[in-house]
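One structure is given below, encoded as structure tokens.
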Amino acid sequence: MSPELSNRPVALITGASAGLGLALAHGLADRGWALIIDARGADALKDAADALADRADVVPLAGDVTDANHRADLVEAVTELGRLDLLINNASYLGPSPLQPLGEADLDELRRVYETDVVAPIALTQALLPELTAASGIVLNISSDAAVEAYEGWGGYGSAKAALDHATRVLAAEHPSLAVYAVDPGDLRTAMHQAAFPGEDISDRPEPASVVPAFLQLLDSRPASGRYRAAEFAPAVTL
């Protein structure tokens, strides 16, 4: 690692080929961060990395966060860069589209939701605790209002995000030197949100980039660990 790179903060962002993950990657790249980004789709991830390369050192690693071997590759990339200041657990799985009532939910799909949205973020955080602790770093888990509101059809995804919220609080209590956040970004115009409302027009939802200033303000102000809404830090900008 070059001395220039060693002085740059490093972020690992999962699910960073599109949507909020990609928007956050661009926001951090504009600030000179080095980035490790992952997503399941190799082609989309390469496109994302190419779009970031003029402003940031980017390590793209395609794979599924539920795969232990892929998580090991992410940890190795962190080791090679020599530090980790920020882990953004953004990769999520909604479940089948259209959404299923909880009483009729396919249990294999429900397990996949929990593996992606709860187990994988915990596992990746566990593996990276030494690097995060050394940097007095930040863990940022992307939550949802479905974690605290009972919406019909959202029982799988919502309960998984609620579990992640609670895991966030426990991790914060166990590791007070870290800042550990669960953040609800609000409804955004993403592929996942469209899948939740198939056939509906979601063009009234703001673009993911609109909430990036709020996330950056959270990182800058570093409030007490806990659960927050992005709107508490900055209103979404019109895009």
Side-chain angles (χ1 to χ4, degrees), residues 12-16 19-21 24 40 64-66 71 86-129 132 138-176 178-198 202 205-206 208 211 214-215 218-219 223-233 236:
L12 193 166
I13 309 172
T14 66
L20 179 60
L24 291 172
R40 289 191 296 268
D64 192 321
V65 290
T66 65
R71 293 196 301 269
L86 171 63
L87 169 62
I88 302 180
N89 286 309
N90 169 70
S92 297
Y93 178 57
L94 177 68
S97 176
L99 296 174
Q100 299 176 327
L102 192 57
E104 303 169 13
D106 181 299
L107 294 183
D108 287 335
E109 287 288 337
L110 189 59
R111 291 185 185 94
R112 182 181 171 193
V113 169
Y114 269 74
E115 284 289 338
T116 305
D117 298 1
V118 185
V119 178
I122 292 173
L124 189 57
T125 303
Q126 285 179 339
L128 293 168
L129 275 174
L132 287 163
I138 299 172
V139 179
L140 200 165
N141 295 321
I142 302 301
S143 186
S144 166
D145 65 333
V148 295
E149 300 290 345
Y151 299 128
E152 291 185 14
W154 290 80
Y157 181 82
S159 61
K161 289 298 185 180
L164 184 62
D165 283 0
H166 191 71
T168 300
R169 291 192 292 269
V170 172
L171 185 69
E174 293 175 343
H175 297 274
L178 301 178
V180 190
Y181 305 121
V183 179
D184 169 15
D187 289 349
L188 299 173
R189 199 184 315 169
T190 64
M192 177 179 287
H193 200 77
Q194 184 66 76
F197 300 96
I202 64 166
R205 276 72 162 183
V211 297
F215 279 87
L218 178 145
L219 297 178
S225 294
R227 187 184 194 279
Y228 295 96
R229 293 179 299 108
E232 296 175 59
F233 293 91

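Since we're looking at a predicted model, the values are computed, not measured.
- For the atom pair Thr66 OG1 and Asp117 CG, the distance stands at 10.5 Å (nearest 0.5 Å).
- The side-chain heavy atoms of Leu188 and Arg205, taken from C-beta on, include no pair separated by under 4.5 Å.
- Residues Leu128 and Val139 have side chains not in contact (no heavy-atom distance under 4.5 Å, counting atoms from C-beta outward).
- For Arg227, the side chain to side chain donor-acceptor pair (under 3.5 Å) criterion is met by Ser143, Asp165, not counting sequence neighbours.
- Proximity of a side-chain donor or acceptor of Asn90 to a complementary backbone N or O of Gly15 within less than 3.5 Å is detected.
- For Glu232, the side chain to side chain donor-acceptor pair (under 3.5 Å) criterion is met by no residue, not counting sequence neighbours.
- A heavy-atom distance below 4.5 Å is found between the side chains of Pro121 and Leu164.
- Pro198 and Ala195 make their closest contact through CD-O, 3.3 Å (heavy atoms, listed as atom of the first residue, atom of the second, distance).
- Side-chain atoms of Leu94 and Leu99, non-hydrogen and from C-beta on, do get closer than 4.5 Å to each other.
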Per-pair distances, 0.1 Å, donor-acceptor, side chain in residues 144-156, under 3.5 Å, sequence neighbours excluded:
residue, atom, partner, partner atom, Å
Ser144, OG, Ala146, N, 3.0
Asp145, OD2, Tyr151, OH, 2.7

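- The residue from Thr168, Asn89, Asn141 that alone fulfils the side-chain hydrogen bond (donor to acceptor under 3.5 Å, both in side chains) condition with Thr125 is Asn89.
- The closest side-chain heavy-atom distance from His175 to Leu129 is below 4.5 Å.
- Remark: side-chain polar atoms of Asp64 are not paired, donor with acceptor, to backbone N or O of Arg40 under 3.5 angstrom.
- Two residues are said to be in side-chain contact when any heavy atoms from C-beta on lie closer than 4.5 Å; Val119 and Ile122 fail this criterion.
- For the atom pair Leu102 CG and Gln100 CD, the distance stands at 9.5 Å (nearest 0.5 Å).
- Across all non-hydrogen atoms, the minimal contact from Ala160 to Tyr114 is N-OH, 3.6 Å.
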> Which is it for Leu12 and Leu124 under the side chain to side chain contact (heavy atoms under 4.5 Å, CB included) test, yes or no, and what are the steps along the way?
Replying inline: CA-CA 10 Å; Leu12 193 166; Leu124 189 57; 4.3 Å; yes
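- Pairs of residues two or more places apart, or lying in two chains, that qualify as salt bridge (Lys or Arg N to Asp or Glu O under 4.0 Å) and include a residue from residues 92-108 are Asp108-Arg111.
- Contact annotation: the side chain of Pro206 never approaches that of Val211 to less than 4.5 Å [non-hydrogen atoms, C-beta and beyond].
- Nearest heavy atoms, Ser92 versus Met192: O-CE, 3.3 Å.
- By the ring pair (Phe, Tyr, Trp, His ring centres under 6.0 Å) test, Phe233 pairs with Tyr228, sequence neighbours left out.
- For the atom pair CG (Leu110) and OG (Ser159), the distance works out to 6.0 Å, reported to the nearest 0.5 Å.
- Residues forming a ring pair (Phe, Tyr, Trp, His ring centres under 6.0 Å) with His166 (at least two apart in sequence, or on another chain): none.
- At distances below 3.5 Å, at least one donor-acceptor pair connects side-chain atoms of Arg71 with backbone N or O atoms of Val65.
- Side-chain contact between Leu20 and Phe215: present, with at least one pair of heavy atoms (C-beta onward) separated by less than 4.5 Å.
- The shortest non-hydrogen separation linking Pro96 to Glu109 is CG-CG, 3.7 Å.
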> Hey, mind stepping through Ser97 and Gln194 against side chain to side chain contact (heavy atoms under 4.5 Å, CB included) and telling me if it holds?
Replying inline: CA-CA 9 Å; Ser97 176; Gln194 184 66 76; over 6 Å; no
